[in-house]
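These notes concern the structure reproduced below.
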There are 2 protein chains.
Amino acid sequence: MDAVDRQIIAALRENGRATYADLGRKVGLSASAVHERVGKLEATGVIVGYHAVVDPSSVGLGVTALISIHPTDTADDNEVALALAELTEVESCYRVAGDESFIVKVRVPTVDELERSLGALRKIPGVARTRTTVVLSTRFEGRPNTTTVGLDA
Amino acid sequence: MDAVDRQIIAALRENGRATYADLGRKVGLSASAVHERVGKLEATGVIVGYHAVVDPSSVGLGVTALISIHPTDTADDNEVALALAELTEVESCYRVAGDESFIVKVRVPTVDELERSLGALRKIPGVARTRTTVVLSTRFEGRPNTTTVGLDA
DNA sequence: TGTGAAAATCAACTACA
DNA sequence: TGTAGTTGATTTTCACA
């Protein structure tokens, strides 16, 4: 991992469909050298994948909520996590320190669906209580942080 | 937006570097037809962009925290949001309903940096109080929700 | 909207410094 | 690791159904 790798990573975070030739021009290497580097970054798990980002409301998912999940005394975190993964509306799932055990982000078409979804969450064994915060607007999301990407670490 | 568009979207969310030829084979269209459709989905803002997803700790961002931001009585939400956008460590920013005005996700290299980052947050005019929840592990994140993508809506 | 064909570009592999 | 060259696939555009 050197400065060139970090440049490539930054470029691919910006545009995941950039061609190797594009990347090569940007970092001053040939396309095949970039190809080689990207392959290694993928193989070593630095680059996890490439995804199209879609406007949620365009695909009928206009309601976003952040939900804190408080565990019961006997809750098994792994089982709760597996049950959360079963719910397709749960887009992200974080195991956290503090009173709650998990914080999840949920996307659903309507508030009716949110209500139904909360019902499903509360039925999960190990879930004692939930606290729901409805997102009014997403100012930005998943923005690339290139703070350390430009440094040698 | 028909069922074929939704299939294409689902495929591109899964693999943002899929070729038009691949997508065509998957949905039963020619590459040029897919090219045409994807161009329209991009132009109409359904597909917002394509991004490589990077393992945060591989780029020196091993600490993730979710921070609730409580506003002062006189806070201007837009100004707060703009100030939050200036902080590169703030990866996502949600305006929410409830006591807090914003919930942000922050990624930093170390807990020391988290402390420094919290100091920066609290200096923002309009920010009265923050509540920080440290992420212990990310079970999954930004997972594609294809619930409605397969339907006609 | 779609197909099919053509030219330019690119991916992926191979030698070789 | 890198460049350069090669081959087959892909992108992109265009005429046309």
Side-chain angles (χ1 to χ4, degrees), chain A residues 1-61 142 144 146 148-153, chain B residues 1-61 142 144 146 148-153:
Chain A
M1 265 274 265
D2 60 5
V4 175
D5 280 334
R6 276 180 275 272
Q7 276 185 278
I8 292 171
I9 289 168
L12 283 172
R13 291 189 71 167
E14 186 82 23
N15 175 15
R17 280 181 84 84
T19 64
Y20 296 120
D22 277 341
L23 296 170
R25 278 185 284 273
K26 197 165 285 187
V27 305
L29 280 181
S30 67
S32 36
V34 173
H35 182 251
E36 172 79 15
R37 279 170 177 266
V38 172
K40 280 184 187 168
L41 290 169
E42 290 169 356
T44 56
V46 177
I47 295 176
V48 178
Y50 305 88
H51 304 284
V53 174
V54 171
D55 172 42
S57 58
S58 293
V59 294
L61 295 171
T146 52
T148 62
V149 171
L151 305 170
D152 284 284
Chain B
M1 266 273 266
D2 60 5
V4 175
D5 281 335
R6 276 180 275 271
Q7 276 184 278
I8 292 171
I9 289 169
L12 283 172
R13 291 190 68 169
E14 186 81 24
N15 174 16
R17 280 181 84 84
T19 66
Y20 296 119
D22 276 341
L23 296 170
R25 277 185 282 274
K26 197 165 284 187
V27 305
L29 281 179
S30 66
S32 39
V34 173
H35 182 247
E36 171 80 15
R37 280 171 177 264
V38 171
K40 280 185 185 167
L41 290 169
E42 290 169 356
T44 57
V46 177
I47 294 176
V48 178
Y50 305 88
H51 303 285
V53 174
V54 172
D55 172 41
S57 58
S58 293
V59 294
L61 295 171
T146 52
T148 63
V149 171
L151 304 170
D152 284 284

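Lettering of chains follows the sequences in order, A, B, ..., and the numbering in each one begins at 1. The shown structure was predicted, so the numbers you read here are calculated from the model rather than taken from an experiment.
For B:S32 and C:dG4, a side-chain-to-base donor-acceptor distance below 3.5 Å is present, hydrogens and geometry of angles not being considered.
Atom NE2 of A:H35 and atom P of D:dT3 are 14 Å apart (whole Å). We find that CG of B:L29 is positioned 17 Å from C1' of D:dT10, with the value rounded to whole Å. We find that CG of B:L23 is positioned 15 Å from C1' of D:dT12, with the value rounded to whole Å. With rounding to whole Å, A:Y20 atom OH is found 15 Å from D:dG2 atom P. A:E36 has its CD atom 16 Å from the P atom of D:dA4, to the nearest Å.
Residue B:R37 is the one, among A:D22 and B:R37, whose nearest nucleotide of DNA chain C lies closer to the 5' end (criterion: closest heavy atom).
Closest approach of A:S58 to B:G45, counting heavy atoms only: OG-O, 4.3 Å. Between A:V48 and B:V54, the shortest heavy-atom contact is CG2-C, 4.1 Å.
Once rounded to the nearest 0.5 Å, the distance linking NZ of B:K26 with CG of B:N15 reads 7.5 Å.
Looking only at distances, no side-chain donor or acceptor of A:H51 sits under 3.5 Å from a matching main-chain atom of B:G16. Listed for the A:R37 side chain is no donor-acceptor partner under 3.5 Å among the backbone atoms of A:M1. Judged purely by atom type and a 3.5 angstrom limit, B:R17 uses its side chain to pair as donor or acceptor with the backbone of A:A18.
Of the candidate nucleotides D:dT10, D:dG2, C:dC10, D:dT10 has the atom nearest to the side chain of B:R25.
End-to-end axis angle for the helix from C:dT1-D:dA17 to C:dA17-D:dT1, using five pairs per end and rounding to 10°, comes out at 30°.
Between B:R17 and D:dT10 there is no side-chain polar atom (N or O) within less than 4.0 angstrom of OP1 or OP2. Contact between the side-chain N/O atoms of B:S30 and the OP1/OP2 oxygens of C:dT3 is found at a separation under 4.0 Å.
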